[in-house]
Structures are given as structure tokens and as C-alpha cells.
Amino acid sequence: MATRKSSSHPYIPNTVPGVQKDMLEVIGVTNIEELYRMVPESLRYRDKLQIGPALNEYELQRHIETLLNRNLHSRERLNFLGAGCWQHYVPAVCDEISQRSEFVTAYAGEPYEDHGRFQALFEYQSLLAELIDMDVVNVPTFDWAQAASTALRMAARMNGRSEVLLPATTHPDRLLIIRNYLSPQIRCTLIGCDPATGLLDLDDLKNKLSPNTAAVYIENPSYLGHIEVQGEEIGKLAKEAGAVFVVGVDPISLGVLKPPSHYGADLVCGDLQPLGIRMNYGGGHAGFIASRDEEAYVMEYPSRLFGIAPTSVEGEYGFGDVAYERTSFAKREKGKESVGTQTALWGITAGVYLALMGPQGMLEVGQTIVQQAEYAKKRLSEIGGVSIKFTASTFKEFVVDFNSSGKSVTEINKLLLDQHIFGGKDLSAEFAEWGQCALYCVTEIHTKQDIDTLVAALKKVLG
């Protein structure tokens with residue numbers, strides 16, 4: 001292993017070799033590389049960074065604009081990609097409100113000059129709680145993966161157990177984060193799926209439930225788009241084993257699907273990105289956690305919760321922290337779990353979206369998505385060599401099987417890109433046993449003409 005050069009950096013604290021040596025001795029390791037032992041070698045950059053000469057402001061602007069112009073924008077192409085970041089319509093008012101000066105820098109600290117932010121977050125929590133039919137919603141975490149990880153840690157703290165059960169079809173990137181977040185105290189065990197429907201294998205779940213199971217986690221709709229109709233039975237099995245039932249959900253589906261609380265979920269989590277938040281490379285995500293208003297759950301939230309209370313002035317109300325003393329902001333290193341800067345701005349944006357849509361709007365957008373996705377599945381399955389892999393009902397995403405087409409998903413997607421279409425996500429690396437399959441996503445932004453264009457392009461690509 002190559003040794004690091006012993007030198008200090010003028011702008012990075014604790015890089016003085018002597019100071020580093022003392023710190024490493026205190027934590028019981030011999031070199032910094034040991035701290036990264038959990039990072040796979042394939043993800044480590046071993047070469048030297050090729051940093052060019054310093055540019056002046058104009059040169060730097062030209063350089064950045066050149067890089068940005070290489071992006072292929074979903075507005076300029078038909079986009080059927082989803083898999084955790086979905087293209088939904090963003091009403092203009094969402095951008096208008098989120099870019100207001102009192103909100104645009106919103107984060108989970110004290111409000112200082114951005115008065116009204118606590119109320120805005122309380123309103124967001126109330127609206128999302130109504131959608132999910134739960135009592136308590138937290139200030140947003142970074143994304144769905146962190147929300148799921150935190151919910152599972154909450155469950156393990158509540159019952160003192162050290163294993164969680166998750167579907168083998170959980171989003172692979174999300175699963176990596178969950179494993180990392182729960183390690184080393186909590187072990188993740190995967191539950192298989194039915195090869196015909198794609199739904200959770202209940203027999204496998206029953207065999208793996210044990211007195212050590214802290215939580216059973218499912219996603220509904222699943223990463224592959226399936227609507228998990230066995231939720232009530234899964235929740236019952238989890239409760240009988242003394243485990244907490246945690247459900248991850250796409251909130252935009254709840255205009256047409258039962259909220260997880262109706263089939264026994266104790267904790268609900270998910271991503272706010274579908275609710276008026278634009279797709280961004282590396283951003284545009286915010287996770288939420290929800291529960292019943294029970295002290296056992298509330299006191300395990302590591303993140304902030306905002307409530308409403310009357311002030312000394314009759315008819316006036318104030319907004320502030322609920323049980324602030326339980327958070328790592330108050331306890332610092334003694335907190336049960338540490339959270340940092342949170343994505344409060346996206347919570348406010350999601351609140352704006354929900355207030356604008358209302359119950360009827362959420363119903364209509366959900367129905368539109370289901371209808372468009374079903375039409376797409378029907379048209380795609382009419383193409384020779386193409387089929388829909390699983391039989392379970394889906395919401396907006398579904399797996400398309402290209403094994404009989406004679407072409408790989410990589411080839412197909414490259415040829416579709418030549419026709420200004422982003423094809424479905426290639427699943428051949430994540431689920432190699434399925435061969436050449438892709439995850440397609442259809443939302444309310446897709447018209448019948450868009451789907452017909454995709455079908456015509458695939459017919460051309462497949463010859």
C-alpha cells in the first residue's frame with residue numbers, strides 16, 4: 001500500500017503529521033487508510049488529481065458553461081427513467097415560493113431573519129401527515145435512504161433487537177446506504193420475491209422472522225414499481241414477532257393507494273422529490289419519517305419536529321420545537337443519533353405542492369399516472385421480443401423484459417438516445433439473474449403521443 005506524503009495543508013485543520021499521529025493513536029488505528037476500509041477498492045481514486053492552472057473569472061465561467069452544455073436535458077428528450085428520481089410536473093408556484101429570500105436558504109437551524117419558516121415547516125408536516133394519515137412528521141432528512149435508515153434505527157432502539165428484514169428488490173443504492181447506516185450494530189437480512197409476481201415471498205419472510213427481528217421493512221410501490229397488496233399480512237406477521245413494521249412509500253401514489261397506516265405501518269418513510277421538486281444531479285431529494293403521536297415513537301426521532309402553541313396574547317400562536325431535548329442538536333455527541341443540516345427547503349416546497357393540489361388534485365394525478373403507465377405496458381408488450389416481466393399491478397414503474405429481442409438493454413438505450421429518448425434503467429447489473437431487463441417509468445408528464453413515440457422507436461431499434 002502506498003504511504004501518504006507527510007505534509008500539512010494551510011487551510012485544512014489537523015493535517016500536521018504530528019497531530020494526525022496523535023489522533024490515530026487515540027482511536028486505535030495505525031494510518032488513515034484504515035478509516036476507509038469499508039469503502040470498496042473499486043470506488044477509491046488512486047491516481048493524482050489533474051488540476052489545471054488557476055483560471056480568471058471569465059475563463060472559469062466559459063469552462064463551466066462548456067461542461068454544463070454537455071448535459072442531456074429531459075426537457076429536450078423523452079424521458080422514461082425513474083428508479084428513485086422521477087420526472088413529475090412542477091407547478092410554477094413551487095419554484096416561486098421556494099426561491100423567496102426568506103425560504104431559499106432554509107435549513108434546520110434557528111430562523112434568525114427568515115421569520116415564518118417554522119410555521120411553513122409546521123404546515124408542511126400537517127399536510128403530509130394528512131396525506132399519509134399519520135400524526136407526526138419530521139423535518140425532512142437528506143433523502144429516502146436516510147429516512148429509511150433512521151426509521152430502522154428508531155425501531156431497533158425501541159425494542160433492543162439487532163436485525164432488520166428487507167426485500168431483496170430494495171433499491172440497490174438505498175440498500176447500500178441502509179447497510180452502512182445500520183452497521184455494525186444492526187444486521188440486514190434480505191427477503192426474496194415471488195418470481196412470477198415480484199411481490200414479497202411470505203414463506204421466506206416467515207422463515208426469517210425471529211426474536212431478534214427489530215423491524216420488517218417494505219416499499220410500496222416497490223423499487224420495481226409493484227403495488228404490494230400483501231401489506232396487511234406482512235404487518236401482521238411483523239407484529240406477531242414483536243417487530244416494528246416500517247413502510248417506504250412514494251407519496252404521490254397516495255392519491256390512489258391506501259396509506260401504509262391503513263395496513264398496520266408503525267413508521268412510514270419516503271422521498272418528497274415527486275411533490276413539486278425538480279430533478280437535480282445529486283440533489284432535489286428529501287426524506288420524511290412519520291409515525292403515530294405516541295411518546296415511544298416521538299422520543300426516538302433524532303430530527304426536529306415543529307409544533308404549534310398559543311402565546312400569551314389571546315388568539316396568537318407560535319411555532320417551535322417539540323421535545324427539542326431529545327435531538328442531537330441539544331445533546332450533541334450524547335445524542336441517540338446525529339443529524340446535520342437538513343433539507344428544510346424541500347419540505348416547504350412539498351408543502352406548497354400539497355396545498356396547491358389538495359385531495360382532489362392528488363387523486364387526479366394518481367389516476368393519470370396509473371392510466372398512462374397501463375397504456376404504456378399494453379403497447380410495449382405488443383412489440384415482438386418484448387414483454388412485461390411481472391404480473392403484479394404497478395403504479396408508475398414496471399420491468400420490461402428484452403431477453404427475446406436479441407439485443408442488450410445497453411444497445412437498446414444507446415439506439416434510443418440517438419432518437420432523443422432516454423430508455424428505461426438497465427437492471428442487468430443489479431439483477432443479473434433476470435438477464436436483459438429495464439425499469440421504465442411513466443408519469444403524468446407523459447402523453448399518449450409520447451408513449452406511441454417510444455413504441456415506434458423501439459420497433460425501429462429492434463428491427
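No experiment lies behind these values; they were computed from the predicted model shown.
More than 12 heavy atoms of other residues, nucleotides or ligands lie within 6.0 Å of CD in Glu294, so this atom counts as buried by the packing criterion. Sparse packing is recorded around CD of Glu295, with 12 or fewer heavy atoms of other residues, nucleotides or ligands lying under 6.0 Å away. The number of heavy-atom neighbours closer than 6.0 Å to CD of Glu130, taken from other residues, nucleotides and ligands shown, is 12 or below. Other residues, nucleotides and ligands contribute more than 12 heavy atoms inside 6.0 Å of the CZ atom of Arg77.
Remark: Ala147 engages Thr141, Cys269, Ile289 in a side chain to side chain contact (heavy atoms under 4.5 Å, CB included) (not counting sequence neighbours).
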Enumerate donor-acceptor pairs with a distance under 3.5 Å from any side-chain N or O in residues 235-251 to protein atoms, sequence neighbours excluded.
from   : atom 1 : to     : atom 2 : distance (Å)
Lys239 : NZ     : Gly264 : O      : 2.9
Asp250 : OD1    : Ile252 : N      : 3.2
Asp250 : OD2    : Lys396 : NZ     : 2.6

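Within the 4.5 Å cutoff, the side chain of Glu163 has heavy atoms near those of the Leu165 side chain. The shortest distance between side-chain heavy atoms of Tyr301 and Asn138 falls below 4.5 Å. In this structure the side chain of Ser74 reaches within 4.5 angstrom of the side chain of Met279, judged on heavy atoms. Put simply, the side chain of Leu380 reaches to within 4.5 Å of the side chain of Val455, judged on heavy atoms. Taking 4.5 Å as the limit, every side-chain heavy atom of Asn220 sits out of range of all side-chain heavy atoms of Pro260. A heavy-atom distance below 4.5 Å is found between the side chains of Val216 and Leu205. At a threshold of 4.5 Å between non-hydrogen side-chain atoms, the residues Val365 and Met357 count as touching.
Put simply, the side chain of Glu228 gets close to the backbone of Leu200: a donor and an acceptor are under 3.5 Å apart. Gln146 contributes a side-chain N or O that, together with a main-chain N or O of Phe142, makes up a donor-acceptor pair within less than 3.5 Å. In terms of modelled atom types and a separation under 3.5 Å, the side chain of Arg326 and the main chain of Ser303 share a donor-acceptor contact. With hydrogens and angles ignored, the 3.5 Å screen pairs a side-chain donor or acceptor of His446 with a backbone N or O of Thr443.
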Can you list the steps and then say if Arg100 with Glu96 is a salt bridge (Lys or Arg N to Asp or Glu O under 4.0 Å)?
CA-CA 7 Å; Arg100 289 182 63 89; Glu96 180 67 26; 5.4 Å; no

Could you go through Val442 and Phe395, starting from their C-alpha distance and side-chain angles, then the distance that decides it, and tell me whether this counts as side chain to side chain contact (heavy atoms under 4.5 Å, CB included)?
CA-CA 9 Å; Val442 174; Phe395 178 58; over 6 Å; no

Output, in order, the C-alpha distance, side-chain angles, deciding distance and verdict of side chain to side chain contact (heavy atoms under 4.5 Å, CB included) for Phe402 and Lys407.
CA-CA 7 Å; Phe402 290 101; Lys407 281 189 168 62; over 6 Å; no

Going through the checks in order, is the salt bridge (Lys or Arg N to Asp or Glu O under 4.0 Å) test met by Asp133 and Lys258?
CA-CA 9 Å; Asp133 201 15; Lys258 262 189 200 178; over 6 Å; no

Stepwise salt bridge (Lys or Arg N to Asp or Glu O under 4.0 Å) check, Glu33 with Arg44
CA-CA 11 Å; Glu33 286 293 327; Arg44 302 194 194 189; 2.9 Å; yes

Apply side-chain hydrogen bond (donor to acceptor under 3.5 Å, both in side chains) to Tyr217 and Glu219, showing your working.
CA-CA 7 Å; Tyr217 171 79; Glu219 294 178 352; 2.7 Å; yes

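In this structure, Phe122 has its ring center closer than 6.0 angstrom to the ring center of Phe319.
Asn403 and Gln436 share no side-chain donor-acceptor pair at under 3.5 Å. Counted by atom type alone, Trp346 and Gln273 present zero donor-acceptor pairs between their side chains at under 3.5 Å. A donor-acceptor pair shorter than 3.5 Å cannot be found between the side chains of Thr368 and Gln371. A donor and an acceptor atom, one from each side chain of Asp426 and Ser428, are located under 3.5 Å apart. Side-chain contact annotation: Ser183 with Asn180, donor-acceptor N/O pair under 3.5 Å absent.
Classification of Arg153 and Glu337 as a salt-bridged pair fails, no side-chain N sitting under 4.0 Å from a carboxylate O. Note on Glu430 versus Lys425: salt bridge recorded, some NZ/NE/NH1/NH2 to OD/OE distance being below 4.0 Å. We find that Arg37 and Glu34 are not joined by a salt bridge, their nearest charged nitrogen and carboxylate oxygen being 4.0 Å or further apart. Taking a cutoff of 4.0 Å between a charged side-chain nitrogen and a carboxylate oxygen, Glu325 and Lys331 do not qualify as a salt bridge.
Leu354 pairs in a side-chain contact (heavy atoms from CB on, under 4.5 Å) with only one of the listed residues (Thr349, Leu275, Leu272), which is Leu275.
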